[in-house]
Amino acid sequence: MEFLVASGIGVLTAAGLYLILRLRTFPVIVGLSLLSYAVNVFLFASGRLAANAPPILNPYKADATYTDPLPQALVLTAIVISFGMTAVIVMIALAAYLSEKDDRIDMTEETGEDA
Amino acid sequence: MAGIGAQGLDSGKNILTHMGKFRIERTGGIPLSLFLIVALPFLGSVLPALLIRAGRNSAYLSTAAVTLLALVGLLLNAPAVMRGETVTARLDWLPGLGLNANFFLDGLGLLFAGLILGIGLLIIIYARFYLSREDPMGQFYSYLLLFQGAMVGIVLSDNVLLLLIFWELTSLSSFLLIGYWRHLPEGRQGARMALAVTGAGGLAMIAGMLLLGHVAGSYDLTAILDQREAIQASPLYLPALVLILLGCFTKSAQFPFHFWLPHAMAAPTPVSAYLHSATMVKAGLFLMARMWPVLSGTEAWFYLVGTTGLLTMLIGAVIALFKDDLKALLAFSTVSHLGLITMLLGFGTKAAAIGAVFHIINHATFKAALFMTAGIVDHAAHTRDIKRLGGLRKLMPTTFTLATVAALSMAGIPPLNGFLSKEMMLEEAAHTVWADYGWLVPTLATLAALFSAAYSFRYVAHVFLGPVRDDYPTEPHDPGAGMWMPPALLTLLVVLIGLFPMAMASTLVETAAGAVTGGQVQQVHLKLWHGMTPALVMSIIAIAGGVVLLGAHGWLDRVWNAMPRPEAKEIFDALVGAATRASRAVTDTLHDGSMTRYGAILLAFVLALTGYAWFSGTLAAPTRRTMEIAIIPLLGWIGVILATALVVIFHRNRLVTLVLIGVVGLVVSLAFTYLSAPDLALTQISVEVVTVVLMLLALNFLPRETPLESSPMRRMRDAALSIAAGLGVGGLIYALMVRDFAFPTISDYHLANSYSGGGGTNVVNVILVDFRGYDTFGEITVLGIAAIVIFAVTRAVLNSPVRAYLLNRKPSEPQSGDAHPMIMVVATRMMMPVALMVATYIFLRGHNLPGGGFIAGLIAAIALVMQYMASGFSWAAERLRFPYSALIGSGVLVAAATGIGSWLAGKPFLTSAFGYFHFPPLEKFELATAMLFDLGVFLAVVGAVLLALESLARFAWRPGIASEFPMDINPAREVEETTAEEAR
């Protein structure tokens, strides 16, 4: 199971970074989303994996085991914040495209109606 | 209150409690704390900027009142200082770094703070009448107060690090003041040059002070001052000395850094009078005086400081004689006098130090007065060119009197105060032997005094004496009282100190000189007549020579102008130009505007670093048993790998990409469910919904396809980099997961205290709203800010020509004839109360079961977004009763108020209280203040998500798309319409 999670994170990271290195805004936004998944799962997995041990205290069972709650709390806010971040860059990309009619990432000499 | 949850671990709370633990030590009865004296100008600097709306007089009076208050506070402390006490105020700020907000007031500090605040007050009055109607006066006074605060901070600091901060602040605020007339190129250039020179010196001084503090083992000035032997014996003494002196010399315009001061004269005259005669340029002198007990007395000190001072005094005086601009003349004379004081400090004897302190007072009085009279002449005659002036004696009698008295004091004519301190200087110079040449210092000092007398005479003779001319730019006349009173007061001091030195100044000089020399000074004797001493002879030579030079000025001026001289500004400009070109060349090569290239370079660099770490480190054997791979997770894994691969392959088709991203998100939330993170799964899946809606909204306006642009080589390069990074990240997390924690985890604390301390069984939620509530508070604030940024960008874009483009834009694909299908409209409207009910349920149970403010907020937001999607933007916007920004604000406020509420119970910020209540017929129910905090989270999340999506949706709005009917297509309506038509 650890291998599945680790390889999943690796694939998401690689795909995210590849797309971030593309030349237009949309793939970069998608790449950032993929990278956010990878980072969130990475943080979560740093608390180690466990099945059937949610950090909800069970008052009827004194010896119950629980998974690490702290990374979960961190990731929970990270998920919401990454939505905010995605929304901001989407907005900036959109504003840039609408005003310049160009969605290229690189700053070039000429900008124009070719997109 | 049933219990108090969660203290200890929250760093935010710790900082707050640390902040509370300051101690203030007091010696003697203090009417006004030194903290307040330093803080007053800074706090007050807001007033003129705000009050300028109420008129110039309000801004002016508020500034004057602030300064007066600080001055009175200082004077209330003066008796204690005069008794020989040191007033202190201490506050441990970052004791770990040795940075403490410690202030102390001794004789030297009192002298300087008195000059800064006293002359500051006069300047403020003068400036009110000097500045014209077009000048933004509120800004001027704000800058002036900032500068004043920084200066007071320097002279009262008892910590060198704190002193450095104020030191840099004076550089910055003087930049604003010099460049105040920003429409003048000279003003901008002068400000830049002053900042470059004094800023560079400041950097050197930071290094010097750090060395000094390192040697002394403390950054507290009083502690450093006790360590003279240790510091002078250290091998770091010389580097520290040179670096600190660089800072002092640049600030005090000592040769060869003197050139910035004349160029800074492009500032308004009140600024010149304040910064460049009385205060800022004396900061360097102050520091040399302050450090005198530890740094002086060595050969290095004598030769560095004494020689620099001597040279500066001579060079400044010579150049001043040949300047035709009144302010340039005064600027170079200031350079010369600063050199004089530096030289006296450099001599290293107690008598010389007394002379230096006395001349600081005298120079401040006569030079500030002279600058103000120069400003009056400029104001009245509209020129400062001496060659175009003359004969003003009859036209401006008041100004003439003031300028003459002050100038004669500068020339060193008895019985004015300039004479007294100049005599002390010459007396010291007469006894000083420079490297076996006994004649050198006395001769050069006399020569400098001679030139000094000459330019002082010239200031009077060529401006005020002589025949009245008929070609002044305007008709000169004496100014109103507001402008001549401040210099008149200073001139009065010039005369009084000259006539009654013992009564007027001896106590202050004694205390200040005592502070400089670090011990009790014997009774200071200030008097006009010492008998026929060598100094008197030198003085007579100087004055006589000055008269002769003035007579020969016309001829000398021609010779001087014919002589080639190095022009400091050209050298400086050439240096700056070369530096600019070099940095531009480097920047242009590195930053060619290709963001993707930066990204690739960054990635390659990180890979190289981590690769090095990987191959140079060792890896211990795995210690954890891995989980078995079950069939369902395996299917999910296949799904996510496939979806990701397809995203990369088909990323040019943007719609397909969005669908595939949704698959990835879904599998991630399933994984969270499987791996015991129900809260995360709920959050992820609701965020997924709003993200996809967001992306779809954006895609509506973006091109559908991404063109193929990058070369195969480039794609290979990017693929190689990303695969390497993916392998690294995957490997790292795998290595992490198969090993146990290296350190005991703090999560056990959270698990153990969640119920007993925070009152909830959902540990994740308790962490969010209680243990780390401070973080969550920050996060909802950030989220709110992000949403408001989106809102602001939308507003800006829609107010630009883009709006016309959007209105005329034809959709790239045919639009549905039925934009708001009835089934969807009906379904979403019926779903809304249900969805809100679910949100409420999720919210209420959050403290004990998966759920909480974040998730409930997202669900509520989705419930509302559904209405926008199904029924249209206009329909939803019409029914909106409150702005979403208000929702965000109220959320943050509710959360803050909850946190502050715990202060009322005497607990740290965000301490939660909870209790269990039983309301029949309900079950036993928990009520916690954390729930109120969670409500704040809920409101902020709903507001932020909706504000972001609504802003994006605004782009699609066009007039007339709102249907007057609740649904676009209504068969009943069609039947009615057809029957109505048939009826006709």
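Just so we're on the same page: letters track the sequence lines, and every chain starts at 1.
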Quick one: of [options], who has the most non-hydrogen atom pairs under 4.5 Å with chain B?
options                             : result
A/Val30, A/Thr77, A/Leu19           : A/Thr77
A/Leu49, A/Ile29, A/Val90           : A/Leu49
A/Thr67, A/Thr13, A/Val28           : A/Thr13
A/Leu12, A/Ile105, A/Val11, A/Leu98 : A/Leu98
A/Gly16, A/Pro27, A/Gly47, A/Ala15  : A/Pro27

Does any backbone or side-chain atom of [X] lie under 4.5 Å from a heavy atom of chain A? Answer side chain, backbone, both or neither.
X        : answer
B/Ala719 : both
B/Thr794 : both
B/Glu779 : both
B/Thr626 : both
B/Leu682 : neither
B/Asn765 : neither
B/Ile661 : both
B/Leu806 : side chain
B/Val667 : neither
B/Pro850 : both
B/Val945 : both
B/Val729 : both
B/Ala600 : both
B/Leu603 : side chain

field: Results of side-chain contact (heavy atoms from CB on, under 4.5 Å) for B/Ala752 - residues two or more places apart only
entry: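 side-chain contact (heavy atoms from CB on, under 4.5 Å) check on B/Ala752 returns nothing, list empty.
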query: Taking the six-membered ring for Trp, are B/Trp637 and A/Phe3 parallel (under 30°), tilted (30 to 60°) or perpendicular (over 60°)?
result: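 If you compare the ring of B/Trp637 with that of A/Phe3, the planes turn out tilted.
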message: Parallel, tilted or perpendicular, judged at 30° and 60°: which one describes the rings of A/Tyr18 and B/His651?
response: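 Rings of A/Tyr18 and B/His651: perpendicular, as their planes differ by over 60°.
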message: Please list all pairs meeting salt bridge (Lys or Arg N to Asp or Glu O under 4.0 Å) that have one or both residues in residues 724-740 of chain B, counting only residues at least two apart or in different chains.
response: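 Only B/Arg624-B/Asp740 qualify under salt bridge (Lys or Arg N to Asp or Glu O under 4.0 Å).
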message: Donor-acceptor check, side chain of B/Arg652 to backbone of B/Leu708, threshold 3.5 angstrom: yes or no?
response: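 Not confirmed, B/Arg652 side chain does not pair with B/Leu708 backbone.
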query: Between B/Arg597 and B/Asp718, is there a salt bridge with N-O shorter than 4.0 Å?
result: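 No, B/Asp718 and B/Arg597 are not salt-bridged.
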message: Taking the ring of A/Tyr97 and the ring of B/Phe701, is the distance between their centroids below 6.0 Å?
response: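 When the ring centroids of B/Phe701 and A/Tyr97 are compared, they turn out to be at least 6.0 Å apart.
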